[in-house]
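Both counts, for ligands and for their atoms, begin at 1 and track the order of listing.
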Amino acid sequence: MKAIQLKNITKSYDDTKILENFNLQIPHNEITCIIGPSGSGKSTILNLLSELLIPDSGEILNLNDKIVSYVFQSPRLLPWKTVKDNMKFVLDNKIEKNKLDEYIDGWLDAVELLDYKEYYPNQMSGGMKQRLALARGFAVPGNLLLMDEPFKGLDAPLRFKMVELIKKLWEKQKKTIVFVTHDIQEALLLGHSIIALGKKPVKIIENLTIDIPLN
Ligand code: ADP
Ligand code: ADP
């Protein structure tokens with residue numbers, strides 16, 4: 001099976017090693033969730049995958065696609081552009097001009113925003129804005145989609161709906177998704193596989209015994 005491979009990656013900021021001889025396989029066209037506490041290196045891994053960061057040593061294999069899209073915690077929409085034009089903005093020159101409107105409509109329909117094409121972000125709820133950010137992330141024609149705690153600010157029932165929505169969008173257009181969260185439930189519901197990162201430095205407890213009380 002084809003996969004993006006992080007091989008023996010070491011990455012430090014100043015004197016702090018965040019990743020040391022780190023290895024990870026990210027299967028092609030599957031959803032890989034990365035969970036871990038704050039500061040464990042989740043965003044660093046995404047930034048290595050998008051090549052915003054370069055590892056100190058080690059290599060990343062099979063990172064063939066030069067179009068990478070990101071969905072962040074804040075939807076990062078352009079406030080002076082309508083829903084439709086926020087989509088257009090990221091697709092310009094990537095989709096044939098005469099197919100663009102239909103293509104955008106297809107993705108807006110998939111996230112139930114087709115009736116809101118002419119709305120501006122400040123007329124929309126947090127959930128609607130994040131649905132638009134998801135549509136935008138999927139519509140960009142690259143294969144690699146990185147999501148950094150996209151639902152952190154949303155309440156639990158809405159987060160659950162968003163997880164279902166990602167599954168539906170992934171069925172419509174399979175992509176390699178790396179989804180960062182600190183919510184284990186989100187990861188369990190969404191991921192084909194889950195990578196768990198620990199707090200640094202990782203403590204190894206030796207001679208651990210567990211007393212199991214009888215009766
Ligand atoms: P996570 O996404 O799991 O919260 P990050 O990858 O953002 O973790 O960060 C891991 C650690 O590296 C944190 O302690 C963070 O403060 C630190 N860090 C991240 N980026 C930088 C940077 N550009 N310079 C210095 N330290 C950084
Ligand atoms: P998120 O919650 O989306 O992961 P963060 O607030 O952790 O965002 O980090 C935002 C950006 O700031 C990241 O690109 C990260 O690399 C950088 N960063 C995080 N911690 C530090 C730090 N201690 N020094 C410098 N840059 C940092």
contact_flag Gly36 ligand 1 heavy-atom lt 4.0 Å | no
Do Asn47 and Tyr70 meet the criterion of a side-chain donor-acceptor pair at a distance under 3.5 Å?
->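 There is such a pair between these side chains.
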With a cut-off of 4.0 Å, which atoms of ligand 1 are near a heavy atom of [X]?
X: Ser38; result: 4 (O)
X: Ser43; result: 1 (P), 2 (O), 6 (O), 7 (O)
X: Pro37; result: 3 (O)

So, [X] and [Y], do they make that salt bridge, N to O below 4.0 Å?
X: Lys17; Y: Glu20; value: yes
X: Glu164; Y: Lys167; value: yes
X: Lys174; Y: Glu30; value: no

Counting both backbone and side chain atoms, is some N or O of Lys42 under 3.5 Å from an N or O of ligand 1?
->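 Yes, there is a polar N/O contact under 3.5 Å.
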CG of Leu46 to CZ of Phe179: how many Å apart, nearest 0.5 Å?
-> 10.5 Å
Closest non-hydrogen atom pair between Ile34 and Leu24, with its separation | CD1-CD2, 4.5 Å
Any idea which part of Ile18 is under 4.0 Å from ligand 1, heavy-atom wise: side chain, backbone, both or neither?
-> side chain
Would you indicate which of Leu53, Thr44, Ile34 comes nearest to atom 6 (O) of ligand 1 when only heavy atoms are counted?
-> Thr44
